[in-house]
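Report on the following structure.
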Number of protein chains: 4
Amino acid sequence: MRHRDDNKKEAIIEATIHLVNEIGFASCSISKIAKRARVSPATIYVYFTNKEDLIVSTYVEIKKSMGVALTKDYDPSLPIRDRLWRFWTNTFTHISRYPQHFFYSEQFSNSPFTSLVKSEELDTYFDPLHSTVRSGIEQKIIKDVPHDVLAVFMFYPILLLANHKFCTTFESSDDQIRLAFDMAWDAIRL
Amino acid sequence: MRHRDDNKKEAIIEATIHLVNEIGFASCSISKIAKRARVSPATIYVYFTNKEDLIVSTYVEIKKSMGVALTKDYDPSLPIRDRLWRFWTNTFTHISRYPQHFFYSEQFSNSPFTSLVKSEELDTYFDPLHSTVRSGIEQKIIKDVPHDVLAVFMFYPILLLANHKFCTTFESSDDQIRLAFDMAWDAIRL
Amino acid sequence: MRHRDDNKKEAIIEATIHLVNEIGFASCSISKIAKRARVSPATIYVYFTNKEDLIVSTYVEIKKSMGVALTKDYDPSLPIRDRLWRFWTNTFTHISRYPQHFFYSEQFSNSPFTSLVKSEELDTYFDPLHSTVRSGIEQKIIKDVPHDVLAVFMFYPILLLANHKFCTTFESSDDQIRLAFDMAWDAIRL
Amino acid sequence: MRHRDDNKKEAIIEATIHLVNEIGFASCSISKIAKRARVSPATIYVYFTNKEDLIVSTYVEIKKSMGVALTKDYDPSLPIRDRLWRFWTNTFTHISRYPQHFFYSEQFSNSPFTSLVKSEELDTYFDPLHSTVRSGIEQKIIKDVPHDVLAVFMFYPILLLANHKFCTTFESSDDQIRLAFDMAWDAIRL
DNA sequence: GATGAATGAGTGTTCATTCAT
DNA sequence: CATGAATGAACACTCATTCAT
């Protein structure tokens with residue numbers, strides 16, 4: 001018996017991401033994905049139970065790798081602001097490197113598929129962010145508002161700035177990234 | 001000859017918006033919309049040249065009415081911060097009143113259809129925002145960064161906060177709205 | 001009460017012929033014809049009971065005008081061969097002048113609509129041909145075979161030769177027309 | 001994996017031919033063909049890329065088998081007239097055996113689809129005809145006119161005579177076939 | 001007479017999925 | 001494991017025709 005070919009699974013996921021980038025979510029069909037990944041449509045059903053599973057799994061994969069990238073050099077001994085700065089720049093670097101992954105997750109987040117993701121499964125990857133924010137609040141450095149409100153000013157801006165559909169003028173130069181971070185920091189700091 | 005029934009066109013647009021809210025953009029088909037609007041699928045093609053036209057037109061309609069709502073009590077004699085505050089609260093009020101319109105435009109913005117909107121056509125509706133930001137910068141009240149970067153901290157946050165998919169804890173109470181505005185203001189003010 | 005507008009009826013028929021030439025029989029729809037004729041689809045139903053009627057009537061119109069053209073200078077006092085020669089050249093002249101009509105009738109003849117034409121209605125227009133052939137046989141100048149077999153060699157060749165789909169090399173020069181007539185004459189003469 | 005069922009492809013082609021005979025080219029839809037062939041409409045797209053491909057392929061298939069039938073006993077050592085006689089009778093035999101194929105190709109030839117056939121692909125099947133005509137001309141037995149003009153008198157008459165829409169009186173008796181051949185021969189011989 | 005609105009039935013085609021190999 | 005064949009259901013869209021004006 002042959003083993004499951006992880007290359008094949010990965011090829012399918014990569015094909016999904018690229019196709020979504022090229023033709024959009026709605027026009028993305030199993031057969032097109034199969035053609036792009038150079039496998040048979042039936043093969044996709046070896047690795048995923050159905051289209052929904054493929055699309056959600058692809059998202060989860062993207063989010064996981066993003067979580068890993070964000071927190072790769074997490075150092076709880078650093079000051080709050082420096083820790084946040086690292087998250088900020090790591091996010092930018094990661095998005096710049098994998099813009100297609102970013103675009104996919106943007107489309108996914110605004111689709112009804114979102115509700116199918118078990119968020120606990122992903123949350124652990126972003127624990128360092130939560131810890132940092134939590135201690136920031138405890139140390140009276142950061143405003144004492146719910147985490148998701150803070151996220152609106154500290155993390156979503158990166159996604160918006162990196163998205164050329166929304167921000168046509170923003171260039172990911174070091175200067176601009178630092179400037180935007182200062183704005184985010186001004187928003188959340190006490 | 002029968003005369004054109006504007007109610008019918010509106011019914012089609014409303015059906016589109018509601019369906020997108022219920023089943024999402026991708027699964028939204030002409031025949032489902034027709035059923036929802038209680039017209040024949042063929043009738044949709046009397047009012048719109050094709051599906052794309054229907055979807056884009058619906059978005060434009062939503063955006064226009066949003067623009068009108070935002071700027072309805074625009075008063076250029078007010079201080080910058082007060083003007084922004086009005087935009088902020090108007091947006092919240094409008095989104096709370098028409099959450100479905102809001103959800104539709106969120107999905108639309110993250111779809112490949114976005115590129116089909118002639119943005120100039122809509123821009124005029126949001127001119128007061130641009131003027132306000134511009135004079136804020138001139139008066140050295142607001143940071144001198146590109147408008148879309150400012151928007152990331154001043155306008156998109158409202159959309160995110162109002163979106164219960166992203167912010168599960170945020171309640172649109174007056175207190176919270178004011179608090180969030182303060183954060184936005186801290187981000188952009190000099 | 002307005003009178004029936006013959007211009008309008010004619011415009012519809014002309015539009016039908018031209019459209020068939022451009023996009024073919026199968027793709028020819030009432031609404032396209034209406035657009036081409038600059039009338040409303042509903043107007044077509046003022047002049048024709050349905051699509052079938054329109055298509056058959058158009059064919060009949062074409063055939064009638066062809067019959068008239070063929071026999072316009074019919075002179076029963078001329079010798080058989082000269083009479084046939086006039087039919088022959090008249091046909092060529094007419095087809096060259098109205099190639100679109102010719103193409104339409106070719107498509108029509110090979111469709112199941114043909115069976116709907118009351119051939120007697122048209123036959124009278126071609127009586128001179130039949131008389132000529134009949135006296136040719138009686139005078140032992142033409143072979144004594146059924147008229148439609150004679151037609152296969154004396155009349156259809158013109159249609160085929162004039163049809164550039166079948167005959168790519170045939171040029172309607174006087175020489176070639178005379179040469180082809182000689183061949184036809186050789187086939188049927190005793 | 002299931003293996004491709006050639007019977008299925010043939011069934012689709014046969015269904016196409018028969019339907020065209022029954023209801024005509026224009027009203028022939030994919031779903032009707034599918035129903036006739038007892039397959040799903042989708043299955044047709046396994047074997048043909050689209051409707052056009054199906055229709056053209058069907059024609060090419062018919063033409064090929066006709067070419068083979070015409071030239072099956074081709075013998076270049078026979079006299080010109082005898083060779084032509086064989087083509088003539090072979091054509092008649094073939095058309096009588098497969099009248100539906102004949103009717104299909106007549107309809108096809110007068111449709112806009114004709115232009116899609118790569119004629120070179122088919123020409124080779126009819127090479128013996130061209131050789132025969134060519135040597136007939138060289139030997140000064142046949143008139144020195146373009147091949148397609150000769151075809152108008154030597155080959156198309158068969159199609160017309162066999163077509164009961166055009167020739168209602170012609171019976172495919174040996175006598176009549178021989179008589180018609182004599183007429184054709186008179187037309188082209190020197 | 002003339003028309004644009006309106007539609008049920010149909011178009012060609014693609015879909016997600018299953019099946020047999 | 002891997003696949004091309006096969007399909008019912010759905011897709012966006014157009015059809016010929018009728019209706020109210």
Side-chain angles (χ1 to χ4, degrees), chain A residues 1-6 8-9 26-34 38-55, chain B residues 1-6 8-9 26-34 38-55, chain C residues 1-6 8-9 26-34 38-55, chain D residues 1-6 8-9 26-34 38-55:
Chain A
M1 183 188 84
R2 283 181 239 164
H3 287 285
R4 278 200 181 194
D5 185 348
D6 272 346
K8 222 151 232 171
K9 182 170 185 178
S27 340
C28 222
S29 76
I30 289 283
S31 65
K32 284 177 191 162
I33 293 169
R38 298 169 180 278
V39 299
S40 160
T43 305
I44 291 179
Y45 288 84
V46 173
Y47 296 96
F48 305 92
T49 57
N50 53 28
K51 194 189 178 185
E52 187 180 295
D53 181 30
L54 165 60
I55 281 170
Chain B
M1 148 186 109
R2 292 186 208 164
H3 48 274
R4 196 175 259 246
D5 185 351
D6 272 343
K8 215 152 241 169
K9 182 169 187 179
S27 345
C28 219
S29 76
I30 288 283
S31 69
K32 285 176 191 161
I33 293 170
R38 296 169 181 280
V39 298
S40 160
T43 304
I44 292 179
Y45 290 86
V46 172
Y47 296 92
F48 304 92
T49 55
N50 53 30
K51 194 188 180 185
E52 184 181 297
D53 181 32
L54 165 60
I55 281 170
Chain C
M1 184 188 86
R2 282 182 239 167
H3 287 284
R4 278 200 182 194
D5 185 350
D6 273 347
K8 222 150 232 169
K9 182 170 187 179
S27 340
C28 222
S29 76
I30 288 283
S31 66
K32 284 177 192 160
I33 293 169
R38 297 168 180 278
V39 299
S40 160
T43 305
I44 291 178
Y45 288 85
V46 173
Y47 296 97
F48 305 94
T49 58
N50 54 29
K51 195 189 179 185
E52 187 181 293
D53 182 31
L54 164 61
I55 281 170
Chain D
M1 156 188 101
R2 292 185 207 163
H3 46 276
R4 196 176 260 248
D5 184 352
D6 273 343
K8 215 151 242 171
K9 182 168 187 178
S27 345
C28 221
S29 77
I30 288 282
S31 69
K32 285 175 191 161
I33 293 169
R38 295 170 182 279
V39 298
S40 160
T43 305
I44 292 180
Y45 289 85
V46 173
Y47 295 93
F48 304 93
T49 55
N50 53 29
K51 194 189 180 186
E52 185 181 296
D53 181 32
L54 165 60
I55 280 170

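Chain identifiers are assigned alphabetically (A, B, ...) following the order of the sequence lines, protein sequences preceding nucleic acid strands; residue numbering begins at 1 within each chain.
- Residue B:Lys32 has no polar side-chain atom (N or O) positioned under 4.0 Å from OP1 or OP2 of F:dA10.
- Between A:Lys9 atom NZ and F:dA2 atom C1' there is a gap of 16 Å when expressed in whole angstrom units.
- The residue B:Ile30 sits close only to the backbone: its heavy atoms come under 4.0 Å of sugar-phosphate atoms, none of a base.
- In this structure, CG of B:Asp53 is placed 14 Å from P of F:dA12, rounded to the nearest angstrom.
- Closest of all the heavy-atom pairs between D:Pro41 and D:Ser31 is CG-CA, 4.5 Å.
- Straight-line distance from the CG atom of A:Leu54 to the P atom of E:dA16: 10 Å, rounded to whole Å.
- Along DNA chain F, the nucleotide nearest to C:Cys28 and the one nearest to B:Ser27 differ in position, and the one closer to the 5' end is contacted by B:Ser27.
- Nearest approach of C:Ser40 to C:Ala34, heavy atoms of both residues: C-CB, 3.8 Å.
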Evaluate side chain to side chain contact (heavy atoms under 4.5 Å, CB included) for D:Ile30 paired with D:Leu54, printing each intermediate quantity in order.
CA-CA 9 Å; D:Ile30 288 282; D:Leu54 165 60; 4.3 Å; yes

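- Remark: A:Ser29 is not in phosphate contact with E:dT14, judged by side-chain N or O atoms under 4.0 Å from OP1 or OP2.
- A:Asn50 places its CG atom 14 Å from the C1' atom of E:dC15, with the value rounded to the nearest Å.
- A close approach under 4.0 Å does not occur between any side-chain nitrogen or oxygen of A:Ser40 and OP1 or OP2 of F:dA2.
- Residue-to-nucleotide proximity on DNA chain E shows that, of A:Glu52 and B:Pro41, the 5′-proximal contact is made by B:Pro41.
- Listed pair B:Ser31 / F:dC11 meets the phosphate criterion, a side-chain N or O lying under 4.0 Å from OP1 or OP2.
- Counting non-hydrogen atoms under 4.0 angstrom, D:Phe48 reaches nothing in the nucleic acid.
- The side chain of B:Val46 has E:dT7 as its nearest neighbour among E:dT7, F:dT7, E:dT3.
- When Watson-Crick and G-U wobble pairs are counted only if both distances are under 3.5 Å, F:dC19 pairs with E:dG4.
- E:dT14 atom P lies 15 Å from atom NZ of A:Lys51, rounded to whole Å.
- In this structure, the CD1 atom of B:Ile44 is 14 Å from the C1' atom of F:dT14, given to the nearest Å.
- Closest approach of A:Asp53 and A:Tyr47 over heavy atoms only: OD2-O, 4.5 Å.
- Relative to the side chain of A:Ala42, the nucleotides F:dT18, E:dA2, E:dT18 differ in distance, and E:dT18 lies closest.
- Note: OH (B:Tyr45) to P (E:dA9) measures 18 Å, nearest angstrom.
- The separation between C:Ile33 atom CD1 and F:dC15 atom P is 10 Å, rounded to whole Å.
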